[in-house]
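Labels below follow one simple rule: chain letters A, B, ... track the order of the sequence lines, proteins then strands, and each chain is numbered from 1.
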2 protein chains.
Amino acid sequence: MPNPPKQSIIVAVDTVIFTVKDGELCALLIQMKKSPYTGLWAFPGGRVENTETTEETAVRILKEQTGVSNVYLEQLKTFDSIERDQLERVISVASFALISSSEVELKTTDKYQDVKWWPVKKLPELAYDHKHIAKEAITRLKSRLQYTNIAWSLLSEEFTLTDLQRVYEIILDTTVDKRNFRKRILALDLIVPIGKKRGGEANRPAELYKFKHKKLEYVEIM
Amino acid sequence: MPNPPKQSIIVAVDTVIFTVKDGELCALLIQMKKSPYTGLWAFPGGRVENTETTEETAVRILKEQTGVSNVYLEQLKTFDSIERDQLERVISVASFALISSSEVELKTTDKYQDVKWWPVKKLPELAYDHKHIAKEAITRLKSRLQYTNIAWSLLSEEFTLTDLQRVYEIILDTTVDKRNFRKRILALDLIVPIGKKRGGEANRPAELYKFKHKKLEYVEIM
DNA sequence: ACAAAAGTGTTGTTACTACACCCATGG
DNA sequence: CCATGGGTGTAGTAACAACACTTTTGT
(Lines give C-alpha, C1' and ligand atoms only; values in the text may rest on other atoms or scores of the structure.)
Protein backbone atom coordinates (compact mmCIF):
# COMPACT_ATOMS: atom_id res chain seq x y z
CA MET A 1 0.00 0.00 0.00
CA PRO A 2 1.39 3.42 -0.95
CA ASN A 3 1.90 6.07 1.68
CA PRO A 4 -1.17 8.24 2.20
CA PRO A 5 -0.76 11.59 0.43
CA LYS A 6 0.69 14.23 2.68
CA GLN A 7 -1.65 17.03 3.64
CA SER A 8 -1.56 19.76 1.03
CA ILE A 9 -3.94 22.54 1.97
CA ILE A 10 -3.18 26.15 1.25
CA VAL A 11 -4.05 28.74 3.87
CA ALA A 12 -5.23 32.16 2.72
CA VAL A 13 -6.83 35.23 4.25
CA ASP A 14 -9.68 37.26 2.80
CA THR A 15 -10.71 40.52 4.37
CA VAL A 16 -14.04 42.26 4.12
CA ILE A 17 -13.31 45.96 4.49
CA PHE A 18 -16.34 48.01 5.42
CA THR A 19 -16.91 51.71 5.44
CA VAL A 20 -19.90 54.02 5.54
CA LYS A 21 -19.87 56.28 2.52
CA ASP A 22 -22.49 58.46 0.85
CA GLY A 23 -25.18 57.21 3.18
CA GLU A 24 -24.53 53.55 2.47
CA LEU A 25 -22.60 50.67 3.97
CA CYS A 26 -19.90 49.74 1.46
CA ALA A 27 -17.34 46.98 1.09
CA LEU A 28 -14.10 47.06 -0.83
CA LEU A 29 -13.83 44.69 -3.79
CA ILE A 30 -11.12 44.00 -6.31
CA GLN A 31 -11.87 42.85 -9.83
CA MET A 32 -9.90 39.78 -10.78
CA LYS A 33 -7.72 39.24 -13.81
CA LYS A 34 -6.71 35.64 -13.41
CA SER A 35 -8.62 32.72 -14.84
CA PRO A 36 -11.06 31.12 -14.13
CA TYR A 37 -12.46 34.14 -12.28
CA THR A 38 -11.59 36.86 -14.79
CA GLY A 39 -13.84 39.86 -14.41
CA LEU A 40 -15.44 38.68 -11.21
CA TRP A 41 -15.12 40.66 -8.01
CA ALA A 42 -13.66 39.43 -4.74
CA PHE A 43 -12.64 40.62 -1.31
CA PRO A 44 -8.94 41.41 -1.12
CA GLY A 45 -6.93 38.45 0.08
CA GLY A 46 -3.75 36.49 -0.21
CA ARG A 47 -1.78 33.54 1.02
CA VAL A 48 -0.42 33.35 4.53
CA GLU A 49 3.36 33.25 4.55
CA ASN A 50 5.11 30.64 6.64
CA THR A 51 6.39 33.23 9.01
CA GLU A 52 3.32 35.36 9.59
CA THR A 53 0.06 34.93 11.44
CA THR A 54 -3.22 35.30 9.61
CA GLU A 55 -3.73 38.62 11.35
CA GLU A 56 -0.41 39.83 10.00
CA THR A 57 -1.46 38.72 6.56
CA ALA A 58 -4.69 40.67 6.87
CA VAL A 59 -2.86 43.79 8.03
CA ARG A 60 -0.44 43.51 5.15
CA ILE A 61 -3.27 43.22 2.62
CA LEU A 62 -5.16 46.10 4.17
CA LYS A 63 -2.14 48.32 3.87
CA GLU A 64 -1.55 47.31 0.27
CA GLN A 65 -5.12 48.06 -0.73
CA THR A 66 -6.06 51.09 1.29
CA GLY A 67 -2.88 52.54 2.73
CA VAL A 68 -4.54 52.51 6.13
CA SER A 69 -2.85 50.77 8.98
CA ASN A 70 -4.60 51.54 12.25
CA VAL A 71 -8.03 50.04 11.76
CA TYR A 72 -10.35 47.71 13.55
CA LEU A 73 -9.68 44.16 12.44
CA GLU A 74 -11.29 40.97 13.66
CA GLN A 75 -11.18 37.34 12.64
CA LEU A 76 -14.52 36.35 11.19
CA LYS A 77 -14.63 32.67 10.37
CA THR A 78 -12.68 30.06 8.46
CA PHE A 79 -14.20 29.00 5.16
CA ASP A 80 -13.08 25.61 4.03
CA SER A 81 -15.49 23.86 1.75
CA ILE A 82 -13.53 21.60 -0.53
CA GLU A 83 -14.61 23.09 -3.81
CA ARG A 84 -14.47 26.75 -2.83
CA ASP A 85 -11.49 27.28 -5.10
CA GLN A 86 -11.77 25.51 -8.42
CA LEU A 87 -8.05 24.94 -8.82
CA GLU A 88 -6.59 24.00 -5.46
CA ARG A 89 -7.60 23.15 -1.93
CA VAL A 90 -7.48 26.53 -0.24
CA ILE A 91 -8.99 27.38 3.10
CA SER A 92 -9.63 31.00 3.88
CA VAL A 93 -9.44 32.57 7.30
CA ALA A 94 -11.81 35.44 6.65
CA SER A 95 -11.59 38.65 8.64
CA PHE A 96 -13.43 41.90 8.62
CA ALA A 97 -12.14 45.43 8.97
CA LEU A 98 -13.82 48.75 9.64
CA ILE A 99 -12.53 52.02 8.28
CA SER A 100 -13.58 55.61 8.51
CA SER A 101 -14.19 56.59 4.92
CA SER A 102 -12.40 59.89 5.43
CA GLU A 103 -9.09 58.09 5.97
CA VAL A 104 -8.97 55.95 2.88
CA GLU A 105 -7.19 56.39 -0.38
CA LEU A 106 -7.63 53.48 -2.73
CA LYS A 107 -4.51 52.14 -4.36
CA THR A 108 -4.76 50.81 -7.84
CA THR A 109 -2.32 48.12 -8.87
CA ASP A 110 -1.98 46.34 -12.17
CA LYS A 111 -2.53 43.10 -10.33
CA TYR A 112 -6.25 43.72 -10.59
CA GLN A 113 -8.55 45.15 -13.22
CA ASP A 114 -10.18 47.48 -10.73
CA VAL A 115 -10.59 48.28 -7.05
CA LYS A 116 -13.81 49.83 -5.86
CA TRP A 117 -16.20 50.44 -2.98
CA TRP A 118 -19.52 48.67 -3.50
CA PRO A 119 -22.69 49.26 -1.52
CA VAL A 120 -23.36 45.97 0.24
CA LYS A 121 -26.93 46.02 -0.93
CA LYS A 122 -25.86 45.94 -4.56
CA LEU A 123 -22.84 43.67 -4.66
CA PRO A 124 -21.81 42.31 -8.05
CA GLU A 125 -21.23 38.64 -8.75
CA LEU A 126 -18.44 37.43 -6.51
CA ALA A 127 -15.67 34.89 -7.06
CA TYR A 128 -15.07 31.79 -4.90
CA ASP A 129 -17.47 31.51 -1.97
CA HIS A 130 -17.22 35.21 -1.25
CA LYS A 131 -20.96 35.57 -1.30
CA HIS A 132 -21.05 33.50 1.88
CA ILE A 133 -18.23 35.50 3.39
CA ALA A 134 -20.13 38.70 2.66
CA LYS A 135 -23.24 37.43 4.36
CA GLU A 136 -21.37 36.31 7.43
CA ALA A 137 -19.44 39.58 7.66
CA ILE A 138 -22.56 41.72 7.46
CA THR A 139 -24.27 39.67 10.13
CA ARG A 140 -21.26 40.02 12.39
CA LEU A 141 -21.01 43.74 11.81
CA LYS A 142 -24.65 44.29 12.72
CA SER A 143 -24.25 42.25 15.84
CA ARG A 144 -21.10 44.09 16.89
CA LEU A 145 -22.78 47.42 16.38
CA GLN A 146 -25.61 46.46 18.70
CA TYR A 147 -23.58 44.99 21.51
CA THR A 148 -20.30 46.91 21.45
CA ASN A 149 -18.83 50.39 21.08
CA ILE A 150 -17.34 49.47 17.72
CA ALA A 151 -18.87 52.43 15.94
CA TRP A 152 -15.73 54.40 16.79
CA SER A 153 -13.93 52.62 13.99
CA LEU A 154 -16.37 53.84 11.35
CA LEU A 155 -16.31 57.51 12.29
CA SER A 156 -13.52 60.00 12.28
CA GLU A 157 -12.02 61.19 15.53
CA GLU A 158 -14.59 63.96 15.98
CA PHE A 159 -18.22 63.46 15.09
CA THR A 160 -21.68 64.74 15.87
CA LEU A 161 -24.47 62.79 17.48
CA THR A 162 -26.26 62.88 14.15
CA ASP A 163 -23.23 61.33 12.42
CA LEU A 164 -23.31 58.55 14.97
CA GLN A 165 -27.03 58.04 14.60
CA ARG A 166 -26.64 57.80 10.82
CA VAL A 167 -24.09 54.99 11.20
CA TYR A 168 -26.57 53.01 13.24
CA GLU A 169 -29.47 53.72 10.96
CA ILE A 170 -27.57 52.86 7.81
CA ILE A 171 -26.03 49.63 9.00
CA LEU A 172 -28.95 48.31 11.02
CA ASP A 173 -31.37 49.49 8.40
CA THR A 174 -33.75 51.18 10.79
CA THR A 175 -34.72 54.65 11.85
CA VAL A 176 -34.54 55.74 15.45
CA ASP A 177 -35.98 58.65 17.37
CA LYS A 178 -33.40 61.37 17.77
CA ARG A 179 -34.19 62.15 21.39
CA ASN A 180 -34.26 58.54 22.48
CA PHE A 181 -31.06 57.76 20.63
CA ARG A 182 -29.23 60.61 22.31
CA LYS A 183 -30.47 59.72 25.76
CA ARG A 184 -29.40 56.13 25.32
CA ILE A 185 -25.96 56.83 23.92
CA LEU A 186 -25.13 59.51 26.46
CA ALA A 187 -26.31 57.32 29.34
CA LEU A 188 -23.81 54.63 28.26
CA ASP A 189 -20.95 57.00 28.88
CA LEU A 190 -19.02 55.90 25.80
CA ILE A 191 -18.56 59.30 24.24
CA VAL A 192 -17.72 62.76 25.53
CA PRO A 193 -18.25 66.24 24.08
CA ILE A 194 -14.96 67.84 23.16
CA GLY A 195 -16.30 71.37 23.57
CA LYS A 196 -16.08 72.32 19.90
CA LYS A 197 -18.82 72.72 17.37
CA ARG A 198 -18.98 71.94 13.69
CA GLY A 199 -20.17 75.04 11.91
CA GLY A 200 -20.01 76.34 8.37
CA GLU A 201 -23.32 74.90 7.34
CA ALA A 202 -26.62 76.62 6.82
CA ASN A 203 -27.95 75.56 10.17
CA ARG A 204 -27.22 75.55 13.83
CA PRO A 205 -23.71 74.21 14.54
CA ALA A 206 -23.55 70.75 16.07
CA GLU A 207 -21.65 69.76 19.17
CA LEU A 208 -18.67 67.51 18.45
CA TYR A 209 -17.99 64.34 20.42
CA LYS A 210 -15.30 61.70 20.60
CA PHE A 211 -15.21 58.15 21.90
CA LYS A 212 -13.67 57.74 25.33
CA HIS A 213 -12.02 54.45 24.45
CA LYS A 214 -11.01 53.18 21.06
CA LYS A 215 -11.05 49.54 21.87
CA LEU A 216 -13.77 46.94 21.92
CA GLU A 217 -16.13 47.12 24.89
CA TYR A 218 -19.26 45.09 25.25
CA VAL A 219 -22.27 47.30 25.97
CA GLU A 220 -25.87 46.88 24.99
CA ILE A 221 -26.60 49.75 22.69
CA MET A 222 -29.63 48.98 20.59
CA MET B 1 17.80 34.48 -5.94
CA PRO B 2 16.32 31.15 -4.87
CA ASN B 3 12.60 30.61 -5.13
CA PRO B 4 10.73 31.67 -2.03
CA PRO B 5 9.83 28.62 0.09
CA LYS B 6 6.46 27.25 -0.79
CA GLN B 7 3.81 27.61 1.85
CA SER B 8 3.94 24.74 4.30
CA ILE B 9 1.32 25.14 6.96
CA ILE B 10 -0.49 22.21 8.46
CA VAL B 11 -4.20 22.54 9.14
CA ALA B 12 -5.65 20.81 12.18
CA VAL B 13 -8.88 20.82 14.13
CA ASP B 14 -9.25 20.85 17.92
CA THR B 15 -12.62 20.38 19.53
CA VAL B 16 -13.71 21.46 22.95
CA ILE B 17 -16.40 19.02 24.00
CA PHE B 18 -18.58 20.30 26.83
CA THR B 19 -21.07 18.55 29.00
CA VAL B 20 -22.79 19.24 32.31
CA LYS B 21 -22.03 16.48 34.75
CA ASP B 22 -22.33 16.18 38.54
CA GLY B 23 -23.34 19.81 38.85
CA GLU B 24 -20.36 21.13 36.95
CA LEU B 25 -19.51 22.23 33.44
CA CYS B 26 -16.92 19.79 32.14
CA ALA B 27 -14.71 19.50 29.07
CA LEU B 28 -13.19 16.38 27.57
CA LEU B 29 -9.39 16.16 27.60
CA ILE B 30 -6.95 13.56 26.41
CA GLN B 31 -3.57 13.03 28.05
CA MET B 32 -0.76 13.03 25.54
CA LYS B 33 1.94 10.46 25.05
CA LYS B 34 4.07 12.07 22.40
CA SER B 35 7.00 14.33 23.09
CA PRO B 36 7.42 17.22 23.81
CA TYR B 37 4.00 17.29 25.45
CA THR B 38 4.11 13.94 27.25
CA GLY B 39 1.76 13.88 30.21
CA LEU B 40 0.07 17.15 29.37
CA TRP B 41 -3.62 17.33 28.59
CA ALA B 42 -5.21 18.63 25.41
CA PHE B 43 -8.52 18.90 23.63
CA PRO B 44 -9.03 16.09 21.14
CA GLY B 45 -7.88 17.02 17.67
CA GLY B 46 -6.27 15.94 14.48
CA ARG B 47 -5.16 16.91 11.02
CA VAL B 48 -7.60 17.79 8.31
CA GLU B 49 -7.41 15.34 5.42
CA ASN B 50 -7.18 16.71 1.90
CA THR B 51 -10.64 15.48 1.09
CA GLU B 52 -12.59 16.55 4.15
CA THR B 53 -13.82 19.85 5.54
CA THR B 54 -12.81 20.94 9.01
CA GLU B 55 -16.32 20.18 10.18
CA GLU B 56 -16.00 16.64 8.89
CA THR B 57 -12.71 16.34 10.73
CA ALA B 58 -14.37 17.51 13.93
CA VAL B 59 -17.23 15.03 13.50
CA ARG B 60 -14.78 12.22 12.89
CA ILE B 61 -12.80 13.07 16.03
CA LEU B 62 -15.94 13.38 18.11
CA LYS B 63 -17.07 9.96 17.06
CA GLU B 64 -13.67 8.43 17.79
CA GLN B 65 -13.57 9.89 21.28
CA THR B 66 -17.12 9.71 22.50
CA GLY B 67 -19.04 7.44 20.16
CA VAL B 68 -21.64 10.18 19.83
CA SER B 69 -22.53 11.43 16.42
CA ASN B 70 -25.55 13.70 16.58
CA VAL B 71 -24.32 16.61 18.65
CA TYR B 72 -24.22 20.36 18.44
CA LEU B 73 -21.02 21.46 16.76
CA GLU B 74 -19.89 24.95 15.89
CA GLN B 75 -16.73 26.48 14.54
CA LEU B 76 -15.10 28.58 17.24
CA LYS B 77 -12.06 30.39 15.94
CA THR B 78 -8.84 29.68 14.12
CA PHE B 79 -5.73 29.73 16.27
CA ASP B 80 -2.61 30.41 14.34
CA SER B 81 0.18 31.92 16.36
CA ILE B 82 3.45 30.85 14.87
CA GLU B 83 4.87 29.13 17.91
CA ARG B 84 1.71 27.39 19.07
CA ASP B 85 3.20 24.03 18.13
CA GLN B 86 6.85 23.64 19.03
CA LEU B 87 7.66 21.32 16.16
CA GLU B 88 5.81 22.50 13.07
CA ARG B 89 3.69 25.36 11.79
CA VAL B 90 0.20 24.13 12.55
CA ILE B 91 -2.92 26.24 12.55
CA SER B 92 -5.91 24.94 14.39
CA VAL B 93 -9.50 25.53 13.43
CA ALA B 94 -11.01 25.14 16.87
CA SER B 95 -14.61 24.09 17.32
CA PHE B 96 -16.81 23.41 20.25
CA ALA B 97 -19.35 20.69 20.82
CA LEU B 98 -22.12 20.20 23.35
CA ILE B 99 -23.22 16.80 24.57
CA SER B 100 -25.80 15.53 26.96
CA SER B 101 -23.78 13.66 29.57
CA SER B 102 -26.29 10.81 29.56
CA GLU B 103 -25.37 9.89 25.99
CA VAL B 104 -21.63 9.60 26.29
CA GLU B 105 -19.41 6.62 26.66
CA LEU B 106 -15.74 7.47 26.69
CA LYS B 107 -13.53 5.40 24.45
CA THR B 108 -10.04 4.67 25.61
CA THR B 109 -7.40 4.14 22.96
CA ASP B 110 -3.74 3.35 23.38
CA LYS B 111 -3.00 6.48 21.40
CA TYR B 112 -3.36 8.46 24.62
CA GLN B 113 -2.42 7.89 28.22
CA ASP B 114 -5.90 8.80 29.40
CA VAL B 115 -9.20 10.37 28.39
CA LYS B 116 -11.24 12.20 31.01
CA TRP B 117 -13.89 14.79 31.76
CA TRP B 118 -12.47 17.78 33.64
CA PRO B 119 -14.46 20.48 35.37
CA VAL B 120 -13.63 23.66 33.48
CA LYS B 121 -12.93 25.45 36.74
CA LYS B 122 -10.13 23.04 37.57
CA LEU B 123 -8.43 22.32 34.26
CA PRO B 124 -4.94 20.79 34.42
CA GLU B 125 -1.96 22.18 32.55
CA LEU B 126 -2.74 22.11 28.84
CA ALA B 127 -0.53 21.49 25.80
CA TYR B 128 -0.07 23.88 22.87
CA ASP B 129 -2.19 27.05 23.18
CA HIS B 130 -5.16 25.08 24.44
CA LYS B 131 -5.51 27.33 27.43
CA HIS B 132 -6.52 30.11 25.05
CA ILE B 133 -8.87 27.80 23.20
CA ALA B 134 -10.50 26.86 26.48
CA LYS B 135 -11.06 30.47 27.42
CA GLU B 136 -12.55 31.34 24.07
CA ALA B 137 -14.80 28.29 24.08
CA ILE B 138 -16.18 29.02 27.53
CA THR B 139 -16.91 32.62 26.59
CA ARG B 140 -18.70 31.51 23.46
CA LEU B 141 -20.72 28.90 25.30
CA LYS B 142 -21.90 31.42 27.87
CA SER B 143 -22.89 33.82 25.16
CA ARG B 144 -24.76 31.16 23.19
CA LEU B 145 -26.65 30.13 26.28
CA GLN B 146 -27.85 33.65 26.86
CA TYR B 147 -28.89 34.49 23.34
CA THR B 148 -30.00 31.19 21.84
CA ASN B 149 -31.97 28.03 22.57
CA ILE B 150 -28.80 25.96 22.57
CA ALA B 151 -29.49 24.42 25.98
CA TRP B 152 -31.30 21.60 24.18
CA SER B 153 -27.95 20.08 23.27
CA LEU B 154 -26.89 19.76 26.90
CA LEU B 155 -30.00 18.06 28.17
CA SER B 156 -31.56 14.73 27.30
CA GLU B 157 -34.72 14.59 25.25
CA GLU B 158 -37.00 14.95 28.28
CA PHE B 159 -36.14 17.24 31.17
CA THR B 160 -37.73 19.19 33.97
CA LEU B 161 -37.73 22.93 34.38
CA THR B 162 -35.39 22.50 37.29
CA ASP B 163 -32.96 20.54 35.09
CA LEU B 164 -33.00 23.40 32.64
CA GLN B 165 -32.54 26.00 35.34
CA ARG B 166 -29.53 24.07 36.69
CA VAL B 167 -27.85 24.17 33.28
CA TYR B 168 -28.16 27.93 33.22
CA GLU B 169 -27.03 28.37 36.80
CA ILE B 170 -24.04 26.09 36.43
CA ILE B 171 -22.73 27.49 33.18
CA LEU B 172 -23.48 31.15 33.79
CA ASP B 173 -22.38 30.81 37.39
CA THR B 174 -25.39 32.58 38.85
CA THR B 175 -28.52 31.74 40.73
CA VAL B 176 -31.92 32.72 39.45
CA ASP B 177 -35.33 32.94 41.01
CA LYS B 178 -37.36 29.85 40.19
CA ARG B 179 -40.61 31.68 39.49
CA ASN B 180 -39.03 34.33 37.29
CA PHE B 181 -37.01 31.74 35.39
CA ARG B 182 -40.09 29.68 34.62
CA LYS B 183 -42.13 32.65 33.52
CA ARG B 184 -39.37 33.81 31.21
CA ILE B 185 -38.66 30.42 29.64
CA LEU B 186 -42.29 29.53 29.12
CA ALA B 187 -43.04 32.94 27.61
CA LEU B 188 -40.35 32.30 24.97
CA ASP B 189 -42.26 29.33 23.69
CA LEU B 190 -39.16 27.22 23.15
CA ILE B 191 -40.23 24.20 25.15
CA VAL B 192 -43.46 22.27 25.59
CA PRO B 193 -44.71 19.94 28.33
CA ILE B 194 -44.95 16.37 27.10
CA GLY B 195 -47.66 15.43 29.59
CA LYS B 196 -45.54 13.02 31.60
CA LYS B 197 -44.02 13.40 35.03
CA ARG B 198 -40.77 12.23 36.48
CA GLY B 199 -41.58 10.42 39.71
CA GLY B 200 -39.82 7.86 41.85
CA GLU B 201 -38.21 10.41 44.12
CA ALA B 202 -39.12 11.36 47.64
CA ASN B 203 -40.94 14.49 46.56
CA ARG B 204 -43.58 15.81 44.28
CA PRO B 205 -43.09 14.52 40.68
CA ALA B 206 -41.96 17.12 38.17
CA GLU B 207 -43.55 17.86 34.83
CA LEU B 208 -41.36 16.81 31.87
CA TYR B 209 -40.71 19.11 28.93
CA LYS B 210 -38.98 18.90 25.57
CA PHE B 211 -37.59 21.50 23.19
CA LYS B 212 -39.81 22.35 20.26
CA HIS B 213 -36.89 22.73 17.85
CA LYS B 214 -33.48 21.18 18.08
CA LYS B 215 -31.68 23.70 16.00
CA LEU B 216 -30.11 27.05 16.75
CA GLU B 217 -32.55 29.91 17.21
CA TYR B 218 -31.61 33.35 18.42
CA VAL B 219 -33.73 34.41 21.39
CA GLU B 220 -32.86 36.58 24.33
CA ILE B 221 -33.06 34.31 27.30
CA MET B 222 -31.11 35.77 30.17
C1' DA C 1 -45.75 13.16 60.13
C1' DC C 2 -41.85 14.79 58.04
C1' DA C 3 -38.46 15.86 54.53
C1' DA C 4 -37.68 17.44 49.89
C1' DA C 5 -38.40 19.40 45.72
C1' DA C 6 -42.44 21.17 42.64
C1' DG C 7 -45.33 24.57 41.64
C1' DT C 8 -47.58 29.14 41.60
C1' DG C 9 -49.08 35.47 41.68
C1' DT C 10 -48.66 40.05 43.03
C1' DT C 11 -46.64 44.43 43.67
C1' DG C 12 -43.25 48.01 43.18
C1' DT C 13 -39.76 49.86 40.33
C1' DT C 14 -37.33 50.74 36.27
C1' DA C 15 -36.54 51.17 31.56
C1' DC C 16 -38.45 52.15 27.13
C1' DT C 17 -41.46 54.29 23.72
C1' DA C 18 -43.91 57.82 21.65
C1' DC C 19 -44.18 62.35 20.61
C1' DA C 20 -43.56 68.28 19.02
C1' DC C 21 -41.55 72.49 19.44
C1' DC C 22 -37.80 76.15 19.73
C1' DC C 23 -32.81 77.36 18.43
C1' DA C 24 -28.76 78.87 15.84
C1' DT C 25 -26.81 79.52 11.63
C1' DG C 26 -25.97 80.68 6.39
C1' DG C 27 -27.80 82.35 2.41
C1' DC D 1 -36.80 86.07 6.78
C1' DC D 2 -36.54 81.52 5.40
C1' DA D 3 -34.69 76.91 5.08
C1' DT D 4 -32.01 73.51 7.40
C1' DG D 5 -30.55 70.50 10.72
C1' DG D 6 -29.52 70.90 16.09
C1' DG D 7 -31.18 70.40 20.39
C1' DT D 8 -34.42 69.31 24.34
C1' DG D 9 -38.59 66.92 28.27
C1' DT D 10 -42.59 64.38 29.73
C1' DA D 11 -46.08 61.04 30.39
C1' DG D 12 -47.88 56.54 29.67
C1' DT D 13 -46.71 51.68 29.30
C1' DA D 14 -44.47 47.44 29.41
C1' DA D 15 -40.85 44.60 31.18
C1' DC D 16 -38.30 43.00 35.13
C1' DA D 17 -37.01 42.04 39.99
C1' DA D 18 -38.18 40.81 44.49
C1' DC D 19 -40.49 37.92 47.36
C1' DA D 20 -43.23 33.17 50.50
C1' DC D 21 -46.35 29.73 50.86
C1' DT D 22 -48.96 25.45 49.39
C1' DT D 23 -48.71 20.83 47.01
C1' DT D 24 -47.34 16.17 46.12
C1' DT D 25 -44.74 12.41 46.78
C1' DG D 26 -41.61 8.69 49.40
C1' DT D 27 -40.07 7.04 53.63
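Look at A:Lys135 and A:Asp129 and you find no salt bridge, because none of the NZ, NE, NH1 or NH2 atoms lies under 4.0 Å from a carboxylate O. Between A:Glu52 and A:Arg60 there is a salt bridge, since at least one side-chain N of the basic residue sits less than 4.0 Å from a carboxylate O of the acidic one.
Between A:Arg179 atom CZ and C:dA20 atom P the separation is 8 Å, expressed in whole Å. As rounded to whole Å, 12 Å separates atom C1' of D:dG5 from atom CG of A:Asp163. Regarding B:Met222, its CE atom lies at a distance of 18 Å from the P atom of D:dA15, rounded to whole Å. Summarising the geometry, the separation between OH on B:Tyr209 and P on C:dA6 is reported as 12 Å, rounded to the nearest angstrom. For B:Arg184 and D:dC16, the CZ to P distance is 8 Å, given to the nearest whole Å. Taking atom CD1 on A:Ile185 and atom P on D:dT8, their separation rounds to 15 Å, with Å as the unit. Atom CZ of A:Arg204 and atom C1' of D:dC2 are 17 Å apart (whole Å). Distance CG (A:Asn180) to P (D:dG9): 14 Å, rounded to an integer number of Å.
If you check every strand for non-hydrogen atoms under 4.0 Å, A:Thr160 touches nothing. The residue B:Lys197 sits apart from the nucleic acid: no heavy atom pair falls under 4.0 Å.
Residue B:Thr162 places none of its side-chain N or O atoms closer than 4.0 Å to OP1 or OP2 of C:dA5. Contact check, B:Arg182 against C:dG7: a side-chain N or O comes under 4.0 Å of OP1 or OP2.
If you find the closest nucleotide of DNA chain C to A:Lys178 and to A:Gly199, the one lying nearer the 5' end belongs to A:Lys178. When each of B:Pro205 and A:Lys183 is assigned the nucleotide of DNA chain C bearing its nearest heavy atom, the one mapping closer to the 5' terminus is B:Pro205. Taking the nucleotide of DNA chain D with the nearest heavy atom to each of A:Ala206 and A:Asp177, the more 5' of the two is matched to A:Ala206.
Side-chain atoms of A:Asp177 come within 3.5 Å of backbone N or O of A:Asn180 as a donor-acceptor pair.
Under the 3.5 Å distance criterion, with hydrogens and angles disregarded, no donor-acceptor pair is assigned to the side chains of A:Ser100 and A:Ser156.
The minimum heavy-atom distance between B:Thr160 and B:Ala206, with the atom names listed, is CG2-CB, 3.7 Å.
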